[in-house]
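Below you'll find the structure, written out as structure tokens, and then a few comments.
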Protein chains: 2
Amino acid sequence: MAPRGGLRTGAGRKPGSNDYHESTRAIRVPLSLWGDLQQYLDSIKLLRKRQTLTKDMVFPAIAPPPLNFPLFASRIPAGFPSPADDYIDQRLDLNAYLVTHPAATFFVRVSGHSMTGAAIHDGDLLIVDRALEPQHDRIVIAAVNGELTVKRLAIKKGIPWLMPENPDYPPLEISEGLDCVIWGVVTQVIHHV
Amino acid sequence: MAPRGGLRTGAGRKPGSNDYHESTRAIRVPLSLWGDLQQYLDSIKLLRKRQTLTKDMVFPAIAPPPLNFPLFASRIPAGFPSPADDYIDQRLDLNAYLVTHPAATFFVRVSGHSMTGAAIHDGDLLIVDRALEPQHDRIVIAAVNGELTVKRLAIKKGIPWLMPENPDYPPLEISEGLDCVIWGVVTQVIHHV
DNA sequence: TCTTATGAATATCGTACGCTATTCATTTTA
DNA sequence: TAAAATGAATAGCGTACGATATTCATAAGA
């Protein structure tokens, strides 16, 4: 059998022919992160593999989730003898941390300065929980004459008031004739630096 | 000169004598993650070196399964919003929204009142991005003598200063002899109501 | 006896290495 | 002529390897 010799330009495995569609590089990581990282990388592979599927073959029932991002999905199983040191073993999922009742939670963008005394500024994003009951001294979203507003709810002698936290704005009594609905309770304020 | 031979039990480098205080293992990662991961690992190293930090104060971000919540538009028109309406014009994943560089992002709990003028209060949770370059007028996390502090970075005539935003606290010049590391840039402040 | 110098022991670290998987021009076969 | 088989070329993958860093029992020196 004769050899099939000769030049083979263009032959060979293609760069980025791995599951990432991208070259890789070895890096050294602490053992406690190794499992998580492995898991994370697997999910990246999976996501990038899906890119080879055309929209004619596979498509989601609803809008695709933001597949963004990174790191370290699950907690490390304990059992690592940590020297008397401050190890980082806490992780945070902002959604879970900031939202208690997902189905009843909404975001509202603040405009105006009536609540600067309560650390609520123009442009901030409020996390509003509609499942919480409005109570005295809580910060609430109220719809007054159909317009949303952020104020602190105060009950004085049985009369509810909407109290701004800025001396330039007046309190508003929720009297009988006022078209006012307490719409939700503010639980968190997200302020962009 | 006679040899110093013989058994040497107990000799040798100790396990966990690296910057992680923990053994490591090589793992292969895609190049696009390599930089972020490198930065993340550097942060871990730095944190484990410091002894004044507790795990309650600083911890890394994670990648949770994406959850979406309804988001209201900036300007909410008059009326009563409900999920059935088209007031909801987008949904929001807080992780994706608040974290730009997940591998380089950490959370820091604020203690103290030196930055109340910048809407940063005692107990707030800061989102800190180590991938951002500290620049003039940005709010940064600095490690001064091993202790974390939040200040606004100011460059005056080439000299960097750490400026509080509370008249009760003094500015701090970052002079040559000072043990100070700008550790990250604050991008968001989460304030619990 | 106490202090210092020495070198065996052993962990860390980045990466090179051996192996496998893939690609495709060429050759062989139908 | 078209399809299948072959094997050179080249990238991916996990880990072993050589070099370096650190520790500390012992020997040498004060």
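Below, read A as the first sequence line, B as the second, and so on, with proteins coming before strands; counting in each chain starts at 1. Only this structure's heavy atoms are used, side chains among them; waters, hydrogens and symmetry mates stay out.
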Rounding to an integer number of Å, can you tell me how far [X] [atom1] sits from [N] [atom2]?
X: A/Y20; N: D/dA11; atom1: OH; atom2: P; result: 19 Å
X: B/N18; N: C/dG14; atom1: CG; atom2: P; result: 10 Å
X: B/L41; N: C/dG14; atom1: CG; atom2: P; result: 10 Å
X: B/R25; N: C/dG14; atom1: CZ; atom2: P; result: 16 Å
X: A/K14; N: D/dC13; atom1: NZ; atom2: C1'; result: 19 Å
X: B/E22; N: C/dC13; atom1: CD; atom2: P; result: 11 Å
X: B/Q38; N: C/dT15; atom1: CD; atom2: C1'; result: 14 Å
X: A/I27; N: C/dT12; atom1: CD1; atom2: P; result: 17 Å

Is there a donor in the side chain of B/D124 and an acceptor in the side chain of B/H191, or the other way round, less than 3.5 Å apart?
yes
Relative to the 5' end of DNA chain D, which residue comes earlier, A/R28 or A/S17, by the nucleotide with the nearest heavy atom?
A/S17
How close do B/W161 and B/P171 get, counting heavy atoms only, and between which atoms?
CE3-CB, 3.9 Å
Among D/dA9, D/dG12, D/dC24, the one nearest any side-chain atom of A/S23 is D/dG12
Those residues at least two apart in sequence (or on a different chain) that pass side chain to side chain contact (heavy atoms under 4.5 Å, CB included) with A/P160 are A/L153, A/I155, A/I174
Counting only N and O atoms by type, is there a donor-acceptor contact under 3.5 Å from the side chain of B/T187 to the main-chain atoms of B/I127?
yes
Would you state whether a donor and an acceptor, one from the side chain of A/R13 and one from the base of D/dG12, lie under 3.5 Å apart?
no
